[in-house]
Amino acid sequence: MATDQPVRVRFAPSPTGFLHIGGARTALFNWLFAKHHGGTFILRIDDTDEARSTDESMRGIYESMEWLGLDWDEGPRVGGPHAPYIQTERGDLYRKYVQQLLDTGNAYRCYCTPDELDQMRTQARLEKRPQGYPGKCRHLTEADREELEAEGRTSTIRLKIPEGAIILRDLVLDVVKFEAETLDDFIIVRSNGSPLYNFTSIIDDIEMGMTHVIRGADHLSNTPKQLLICQALGIDPPQCAHLPMVLGSSKGEKLSKRHGATSVGQYRDDGYLPEALINFLVRLGWSYDDKEEIFSVAELIEKFDLDRVGKSGSVFDLKKLQWLNGHYIAQLDLSARADAVIPFLQEAGFLGETRSRTWLEQFVAAVGDRLETLADITSYSYFFTDDFDYDPKAVKKWWKGDPAGTLQGLRDVLAAVEVFDMEPVEAAIWAHIEAKEISRIKAMQPLRVALSGEAGGPGLFDIIVLLGKEKVLERLDRAISHIQEN
RNA sequence: GUCCCCGUCGUCUAGCCUGGCCAAGGACACCGGCCUUUCACGCCGGCGACACGGGUUCAAAUCCCGUCGGGGACACCA
């Protein structure tokens with residue numbers, strides 16, 4: 001537990017699915033911790049469950065981490081002094097530790113079959129006894145073993161749990177005490193010879209020189225087991241820090257699909273910016289002070305540390321993510337914002353006809369800070385298509401009195417504007433309004449509804465200029481006849 | 001059931017270690033107002049919490065005990 005050593009931390013997902021929000025938060029905390037302390041951030045793939053692990057998941061995880069900007073100093077694709085970083089590729093590296101455990105009497109072979117184990121568990125449950133392994137094969141003699149093996153039985157290897165208390169000094173939770181007797185002799189090697197997570201994970205942590213293990217609180221009950229393995233091996237374990245859970249609702253449930261999107265990739269596809277997600281995620285369990293809410297990655301690297309991580313679980317609040325996202329989108333300069341928004345416009349089929357880069361940037365500028373997600377850009381469809389309806393509420397409120405007459409007046413004025421630029425258009429409309437002695441709003445809003453179908457949105461002159469003279473007159477004619485027909 | 005963790009506004013949290021500065025601060029959301037050609041932004045204001053019960057103390061959100069509530073883990077999953 002040499003805390004004066006250079007920090008080495010890891011994120012060790014199992015590739016059984018996409019990168020989950022909770023996993024991303026864990027990865028982020030590890031990454032920030034490493035960066036803050038000038039240490040090394042390692043990505044390791046804990047895929048000892050070969051049945052559930054897929055290459056696709058692995059690629060998805062890399063991709064999501066790269067998108068978030070969580071680059072790893074050692075790990076798959078980049079290599080490193082402890083390569084390979086994929087557990088199933090680490091061969092029989094674990095074997096010598098198993099042998100040592102066996103030789104020192106800290107582990108033993110168990111010949112119970114899964115069926116027998118299952119029965120014991122069911123029985124224990126019925127009798128309301130602890131459901132852990134009762135230690136049946138713990139005291140087998142050499143002769144017993146030979147007999148069992150002669151029957152053709154294969155064996156798993158279990159760790160022999162000693163007596164006494166296990167004291168965990170957690171960087172987040174402080175001191176947590178476990179009684180060894182409440183743990184059972186758990187399996188560290190399957191009957192087919194492959195090692196299990198609780199074993200490989202801590203062995204790799206040691207092999208790879210991790211100074212800290214920062215992971216979700218859902219791993220807390222694994223920790224005493226791993227500590228015991230270290231103890232049996234006579235090795236100093238890394239420092240632990242258990243992060244509070246990310247919850248899905250105020251009911252305290254673990255975040256799941258029921259509460260909305262749970263994968264990092266989904267948020268990317270929904271139009272969230274990585275910097276917004278990072279900022280949001282970091283505040284789930286970590287705070288800096290009683291004021292600051294918005295942090296750039298650089299600031300986080302400077303400010304993040306484990307001592308300001310809280311203990312209680314936090315609910316994923318989409319509203320707050322949206323607010324942050326809106327903030328970061330507004331932060332983007334015009335060109336970057338246009339770039340960011342293009343894929344979403346394409347996806348919606350709005351960029352079919354050629355639009356000039358200039359037009360696009362003017363459009364994005366007109367939309368301004370009205371976006372909470374990049375995908376929100378598609379709600380401004382009337383800039384791209386004539387296929388829109390008049391919002392009934394907008395119609396009711398703004399097409400009152402003699403709307404057709406009002407619009408006709410505006411149409412005539414606009415038709416007379418030669419150069420359809422902002423200044424002349426604006427001047428013409430102002431002049432018309434003054435001449436007619438009507439209030440601005442009573443001319444502007446009906447016009448807005450006619451051009452966009454809506455009562456809100458970007459500046460009206462922006463809309464007019466962006467649409468162009470032809471479109472504007474066309475839509476005015478359409479609105480006028482619509483009004484007359486209804 | 002057993003073991004472990006957690007418990008401040010609806011939500012994220014500051015404060016808790018080192019009791020008094022807290023008739024509990026900020027942020028999101030919500031509500032109202034201002035700004036404005038609309039919407040949004042922004043600004044101003046409002047609503048709103050120490051789970052409960054004991055104890056210690058001159059004084060408790062802060063320390064102690066208990067209760068209740070929530071969660072996690074109890075696999076030849078990770």
Side-chain angles (χ1 to χ4, degrees), chain A residues 12-16 46-49 51-53 110 112-114 117-118 121 124-125 127-133 154-158 168 170 172-174 176-179 181-184 186-192 194 196-198 200-201 216-224 242 244-245 247 249-254 280 283-294 308 310-324 326-327 330 367-372 394 398 429-430 433 439-445 447-449 452 454-461:
Chain A
S14 69
T16 55
D46 282 10
D47 61 343
T48 49
D49 183 2
R52 293 198 302 151
S53 299
C110 168
C112 299
T113 65
L117 257 17
D118 214 41
R121 255 193 302 271
R125 209 187 336 264
E127 294 172 17
K128 299 196 174 186
R129 283 187 289 110
Q131 293 162 43
Y133 181 67
T154 53
S155 62
T156 59
I157 297 173
R158 290 181 184 272
L168 163 64
D170 190 275
V172 171
L173 300 173
D174 292 329
V176 184
K177 198 172 136 194
F178 301 88
E179 291 301 332
E181 61 190 32
T182 64
L183 267 36
D184 68 342
F186 61 97
I187 296 175
I188 58 175
V189 181
R190 292 185 180 89
S191 54
N192 70 5
S194 66
L196 262 70
Y197 168 79
N198 259 323
T200 56
S201 186
D218 48 340
H219 281 281
L220 188 55
S221 57
N222 287 325
T223 303
H242 288 90
M245 305 291 291
L247 277 14
S249 78
S250 47
K251 298 268 184 287
E253 301 158 314
K254 217 172 157 178
F280 175 71
R283 292 286 290 104
L284 255 31
W286 178 85
S287 62
Y288 179 64
D289 59 14
D290 62 344
K291 292 275 183 298
E292 285 183 75
E293 206 61 52
I294 289 174
R308 294 211 55 91
K311 299 179 179 185
S312 51
S314 20
V315 176
F316 184 97
D317 180 12
L318 188 62
K319 288 281 190 198
K320 186 158 180 182
L321 207 211
Q322 284 169 343
W323 168 71
L324 276 167
H327 168 83
V367 170
D369 55 21
R370 268 164 275 252
L371 303 176
E372 269 194 334
W398 297 111
I429 289 181
W430 286 152
I433 286 170
S439 70
R440 288 182 171 191
I441 201 168
K442 281 186 177 159
M444 306 284 274
Q445 283 301 85
L447 179 53
R448 173 184 292 281
V449 176
S452 72
E454 296 172 13
L460 186 52
F461 300 121

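In what follows, every chain begins at residue 1, and chains take the letters A, B, ... in the order their sequences are listed.
Checking the phosphate oxygens (OP1, OP2) of B:A75, no side-chain nitrogen or oxygen of A:R190 falls inside 4.0 Å. Look at A:R308 and you'll find a side-chain N or O under 4.0 angstrom from OP1 or OP2 of B:G15. Look at A:R121 and you'll find a side-chain N or O under 4.0 angstrom from OP1 or OP2 of B:C76.
Side-chain N/O atoms of A:S191 and base N/O atoms of B:C76 include a donor-acceptor pair closer than 3.5 Å. Side-chain atoms of A:D218 stay outside donor-acceptor range of the base of B:A78, with no qualifying N/O pair under 3.5 Å.
Under the rule for a ring pair (Phe, Tyr, Trp, His ring centres under 6.0 Å), the partners of A:F461 that lie at least two apart in sequence or sit in another chain are A:W430. Residues meeting the ring pair (Phe, Tyr, Trp, His ring centres under 6.0 Å) test with A:W286, sequence neighbours left out: A:F295, A:F304.
Among the protein residues, A:I429 comes within range of no part of the nucleic acid, since none of its heavy atoms lies under 4.0 Å from any strand. Looking at heavy-atom distances under 4.0 Å, A:G368 makes no contact with the nucleic acid at all. No engagement by A:S439 is indicated, since no non-hydrogen atom pair under 4.0 Å with the nucleic acid exists. Within the nucleic acid shown, A:L460 comes within 4.0 Å of at least one base atom, counting heavy atoms only. Within the 4.0 angstrom heavy-atom criterion, only backbone atoms of the sugar-phosphate kind lie near A:R440; the bases stay farther away. Within 4.0 Å (heavy atoms only), A:H242 reaches no atom of the nucleic acid at all. Note on A:P224: nothing from the nucleic acid sits closer than 4.0 angstrom, heavy atoms only. The residue A:F178 sits close only to the backbone: its heavy atoms come under 4.0 Å of sugar-phosphate atoms, none of a base. A:L196 comes within 4.0 angstrom of the backbone, heavy atoms only, and of no base. Nucleic acid contact class of A:G132 (heavy atoms, under 4.0 Å, all strands): none. A:R125 comes within contact range of no nucleotide atom at all, as no heavy-atom separation falls under 4.0 Å. A:T156 comes within 4.0 angstrom of a base, heavy atoms only. Counting non-hydrogen atoms under 4.0 angstrom, A:P130 reaches nothing in the nucleic acid. Among the atoms of the strands shown, none is found under 4.0 Å from any heavy atom of A:D184.
Side chain of A:E372, nearest nucleotide from B:C77, B:A29, B:U11: B:A29. Comparing B:C12, B:C76, B:G25 by their closest approach to the side chain of A:R158 singles out B:C76. Out of B:C28, B:A78, B:U13, the shortest distance to the side chain of A:S314 is found at B:U13. Distances were taken from every side-chain heavy atom of A:D369 (C-beta onward) to each of B:A40, B:U37, B:A78; the shortest belongs to B:A40. Picking from B:C28, B:C6, B:A78 the nucleotide with the shortest atom distance to the side chain of A:D49 gives B:A78. Comparing B:U37, B:C76, B:G26 by their nearest atom to the side chain of A:I187 picks out B:C76. The listed nucleotides are B:U37, B:A29, B:A73; the one nearest the side chain of A:S221 is B:A73. For A:S287, the side-chain atoms get nearest to B:A14 when compared with the rest of B:A14, B:U38, B:A75. Among the nucleotides B:C39, B:G25, B:A27, the one closest to the side chain of A:E293 is B:A27. Ranking B:U38, B:C5, B:G7 by closeness to the A:V176 side chain, first place goes to B:C5.
Taking atom CZ on A:R283 and atom C1' on B:C12, their separation rounds to 6 Å, with Å as the unit. One atom, CD1 of A:I157, and another, P of B:A75, lie 19 Å apart when rounded to the nearest Å. If you take CH2 of A:W323 and P of B:G26, they are 14 Å apart, rounded to a whole angstrom. We find that CZ of A:F280 is positioned 8 Å from C1' of B:C12, with the value rounded to whole Å. The interatomic distance linking A:L324 (CG) with B:U13 (C1') rounds to 13 Å, in whole Å. Distance A:K311 NZ to B:C5 C1': 9 Å, rounded to the nearest Å. The CZ-C1' distance, from A:F461 to B:C39, rounds to 16 Å in whole Å. Atoms CD (A:E179) and P (B:C4) sit 8 Å apart, rounded to a whole Å.
Atom name C1', nucleotides B:C22 and B:C6: the rounded distance is 24 Å, in whole Å. For the C1' atoms, the distance linking B:A49 with B:C9 amounts to 4 Å, nearest Å. B:G71 and B:A51: their C1' atoms are spaced 15 Å apart (whole Å). With P as the reference atom, B:G66 and B:C3 are 14 Å apart, rounded to whole Å. A gap of 14 Å separates the P atoms of B:A61 and B:G25, to the nearest Å. Nucleotides B:C4 and B:C43 place their P atoms 48 Å apart, quoted to the nearest Å. A distance of about 32 Å separates the P atoms of B:G70 and B:U18, rounded to the whole Å. Here, B:A23 and B:A40 have their C1' atoms 37 Å apart, quoted to the whole Å.
Listed here is the closest heavy atom pair of A:V189 and A:L196: C-CD1, 4.4 Å. When all heavy atoms are compared, the tightest approach of A:V176 to A:L173 is CG2-CB, 4.0 Å. Between A:I429 and A:L447, the shortest heavy-atom contact is CD1-CD2, 4.1 Å. Nearest heavy-atom pair across A:G310 and A:V172 is O-CG1, 3.6 Å. For A:V367 against A:P458, the heavy-atom pair with the smallest separation is CA-CG, 4.1 Å.
Looking at which nucleotide of RNA chain B each of A:Q131 and A:G457 is closest to, the 5′-most match is held by A:Q131. Of the residues near RNA chain B, A:A217 and A:Q445, the one whose nearest nucleotide (by heavy atom distance) lies more toward the 5' end is A:Q445.
No hydrogens or angles considered: a donor-acceptor pair under 3.5 Å links the side chains of A:R125 and A:Q131. Side chains of A:R448 and A:S452: no donor on one and acceptor on the other come within 3.5 Å.
The partner of B:G20 is B:C58, by the rule that a Watson-Crick or G-U pair needs both atom distances under 3.5 Å. Of all nucleotides present, only B:A73 satisfies the Watson-Crick or G-U wobble test against B:U2, with each distance under 3.5 Å. Nucleotide B:U37 forms a pair with no other nucleotide shown, judged by Watson-Crick or G-U wobble geometry with both contacts under 3.5 Å. Checking B:G32 for Watson-Crick or G-U wobble geometry (two distances, each under 3.5 Å) identifies B:C44 as its partner. Summarising the base pairing, B:A51 is matched to B:U67 through a Watson-Crick or G-U wobble pair whose two defining distances lie under 3.5 Å.
In this pair, A:H219 and A:Y197 present their aromatic rings tilted. The plane angle is within the 30 to 60° band.
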